[in-house]
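From a predicted model like this one, the values you see are computed outputs, not experimental measurements. In what follows, every chain begins at residue 1, and chains take the letters A, B, ... in the order their sequences are listed.
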Amino acid sequence: MLLEIRNIRVHYDKIEAVKGVSLQLGKGEIVTLIGANGAGKTSILKAISGLVRPSAGEILYDGADITRRSPSDIVARGISHVPEGRRMFKLMSVQDNLRLGAYLIRDSKVIAEGLAWVYEHFPILKQKCNQLAGQLSGGQQQMVAIGRAMMARPRVILMDEPSLGLAPIIVDEIAAIITTLKQSGLSIVLVEQNAHLALKLADRGFVLETGSVTLSGKSADLLGNPEVIRAYLGA
Amino acid sequence: MSFDEIPQMLVTGLSLGLMYALIAIGLTLIFGVMRIVQYGHGEMYMLGAFFLYYWTAKWGLPYWLGVAASASVIFVLGAILQQTLFQAVHGRNILYSLAIGMGLIFIFSSGGQIIFGTTVKGIPKFATGGILVMGGFLSYERIVISIVSASLVVGLWLFLQKTRTGMAIRAVSEDPETSALQGIRTRQIHWVAFGLGSALAAIAGCLMGTLLSIVPTMGFVATIKAFMIVIMGGLGSIPGALVGGIILGMIDSVVTTVISADIAIIMSFVVIFLILVFRPSGLFGQQWT
């Protein structure tokens with residue numbers, strides 16, 4: 001397993017947001033975490049990327065324990081996080097946003113290659129490269145957010161609600177990009193409220209309720225599971 | 001007032017304004033990354049000036065090297081204050097950092113009076129003479145100081161726009177958490193920006209101290225002026241601090257020449273209040289969360 005989470009707990013003061021969750025991500029795999037607001041999905045991603053410290057449990061990446069490492073160290077090891085709400089540096093140009101994604105990369109050739117990759121996959125961003133990121137549409141901002149994460153040359157991408165607030169046609173575009181990323185060998189942890197989309201993209205899924213995993217399995221099985229259909233797919 | 005005084009008045013206003021801007025840019029830079037107003041910022045300005053005074057008047061060392069040394073020493077002091085005092089209260093209610101800043105004002109200005117003495121001092125001039133422009137006298141010193149301050153503002157702007165560390169400072173100012181996700185060590189950016197902001201105040205102290213005179217209690221007024229400039233220009237905005245500084249410098253110079261220094265102070269605050277009434281978040285302001 002490339003990334004393995006063992007029984008982690010996350011507390012915010014006295015409130016326990018994640019109550020002992022374990023999950024595994026294989027190389028080239030997409031796993032999805034689905035569940036309602038407040039189920040602990042975002043907290044799990046933040047624990048992986050080092051933004052919050054788990055109060056218990058372990059996170060192993062590529063054989064090393066990264067549980068209490070700094071976000072900077074975790075990015076350097078190859079895990080990039082596309083945060084919920086896209087989180088643009090709104091006062092900076094699209095290009096500067098992308099460059100910041102490569103903050104830890106010193107080789108200007110590698111940075112140029114990264115920019116070329118982003119502009120090839122998101123041609124609209126090339127046209128808008130000098131515009132302030134805050135002036136872009138939601139879909140374009142999501143493209144910048146994904147591109148920015150790719151600039152760090154990750155092996156794992158954590159994506160938090162990439163489809164949130166986007167028009168259906170843009171959601172299709174983002175979905176296509178996620179598929180492309182998988183085909184290029186990346187491993188992805190996808191957090192989504194749009195369970196239907198998430199399970200179509202992912203190999204495996206984990207259903208979270210109030211901080212615990214209540215169901216997990218292959219996406220195809222979850223898509224056919226009556227409980228999942230009732231609670232998340234709105235049959 | 002005669003027409004002869006106009007060029008002199010404008011150059012005085014500009015040089016004063018650029019130095020105000022240096023102090024204010026330092027303050028706004030610190031606010032940007034740490035979301036605190038460093039009320040002890042003016043003390044960095046005062047200490048920077050006294051460092052240069054000892055360097056040149058007491059030890060007889062070269063002037064410009066002294067300005068650079070002063071900036072370096074105050075950079076380190078700022079970074080240490082950030083790491084020890086301000087980091088400890090980072091992210092907490094701003095009243096904590098306010099209390100620390102207030103404490104620094106008293107510690108440094110009282111300590112300064114004990115160590116440096118209470119008499120007014122002057123930093124030795126680095127140039128004498130000047131030129132006549134349209135009948136008005138402009139000293140070389142004031143011209144050079146204006147050019148140096150303006151270059152510093154431009155240099156800082158380029159640093160923030162073009163360099164890796166400069167971009168990291170802007171990123172942390174906008175969104176610390178997302179900055180961390182890009183691999184930026186935000187704590188490191190905190191002390192770098194704090195040191196840099198303090199060094200800018202120190203340089204302003206050196207230059208202002210050369211044109212005017214210095215006393216250990218001059219920091220507090222500098223803080224108040226810088227704070228008002230930052231509010232007028234828009235919290236966290238560097239163009240705002242520059243424009244605000246020049247507005248204040250011009251009012252100071254023009255009103256002092258035409259009417260009097262007391263009226264100039266009153267006028268400055270009236271103008272700032274008017275700007276805030278019509279643009280509550282300042283000239284280049286934005287909403288802060």
Side-chain angles (χ1 to χ4, degrees), chain A residues 42 45-46 48-53 69-93 95-108 111 114 130 132-134 141 144-154 157-160, chain B residues 25 28-29 31-33 35 83 87 90-93 156-193 233-242 281-289:
Chain A
T42 296
L45 293 193
K46 286 186 169 181
I48 300 172
S49 58
L51 287 179
V52 299
R53 296 206 160 184
R69 297 282 172 178
S70 69
S72 169
D73 184 44
I74 289 166
V75 178
R77 285 166 185 257
I79 303 179
S80 286
H81 186 154
V82 182
E84 185 178 0
R86 350 221 188 278
R87 301 288 282 266
M88 292 293 96
F89 296 110
K90 295 193 178 75
L91 304 174
M92 294 196 204
S93 69
Q95 182 131 325
D96 281 357
N97 268 272
L98 294 172
R99 282 181 174 282
L100 278 165
Y103 182 76
L104 294 175
I105 293 174
R106 298 289 191 146
D107 186 342
S108 57
I111 298 174
N130 292 319
L132 294 185
Q141 290 191 2
V144 175
I146 294 172
R148 189 172 62 184
M150 285 301 289
M151 291 293 292
R153 297 223 152 177
I157 288 201
L158 315 173
M159 279 196 199
D160 201 346
Chain B
I25 289 170
T28 218
L29 209 56
F31 172 82
V33 296
R35 293 290 189 279
Q83 283 286 291
Q87 189 66 46
H90 179 241
R92 299 178 73 173
N93 190 300
L156 182 78
W157 180 254
L158 290 175
F159 167 76
L160 290 173
Q161 293 299 317
K162 303 286 179 198
T163 69
R164 185 168 173 271
T165 307
M167 291 207 351
I169 290 177
R170 287 193 291 145
V172 173
S173 301
E174 261 201 68
D175 185 340
E177 194 175 76
T178 306
S179 299
L181 289 180
Q182 314 311 315
I184 297 169
R185 294 181 189 279
T186 51
R187 277 175 160 235
Q188 189 181 349
I189 295 304
H190 285 168
W191 70 254
V192 169
L235 262 171
S237 163
I238 287 171
L242 176 63
S281 49
L283 293 170
F284 295 79
Q286 49 188 305
Q287 297 301 321
W288 290 100
T289 48

A:D73, A:I79, A:V75, A:N97: which one forms the most heavy-atom pairs within less than 4.5 Å of chain B?
-> A:V75
Min side-chain heavy-atom separation A:R106-B:R164 under 4.5 Å | yes
May I ask you to check whether over 12 heavy atoms, not counting those of A:R77, lie within 6.0 Å of atom CZ?
-> yes
Can you name the residues that form a side chain to side chain donor-acceptor pair (under 3.5 Å) with A:S49, not counting sequence neighbours?
-> A:H81
Taking all heavy atoms of A:L104 and all of B:G183, pick out the closest pair and write down the distance.
-> CD2-O, 3.5 Å
In Å and rounded to the nearest 0.5 Å, what is the CD to OG distance from B:Q182 to A:S72?
-> 11.0 Å
Under 4.5 Å from any heavy atom of chain B - which part of A:K90 = both
Which bit of A:L51 comes within less than 4.5 Å of chain B, counting heavy atoms only: side chain, backbone, both or neither?
-> side chain
Not counting sequence neighbours, which residues clear side chain to side chain contact (heavy atoms under 4.5 Å, CB included) with A:A145? List them please.
-> A:V82, A:R86, A:M88, A:Q142
Should we say atom CZ of A:R69 is surrounded by more than 12 heavy atoms from elsewhere, each under 6.0 Å from it?
-> no
Nearest 0.5 Å, what's the CZ-CD distance between A:F89 and B:E174?
-> 7.0 Å
Close side-chain approach of A:L100 and B:I184, heavy atoms under 4.5 Å = yes
Contacting region of B:S179 [heavy-atom separation from chain A under 4.5 Å] | both
Sub-4.5 Å side-chain heavy-atom contact between B:R170 and A:D96 = yes
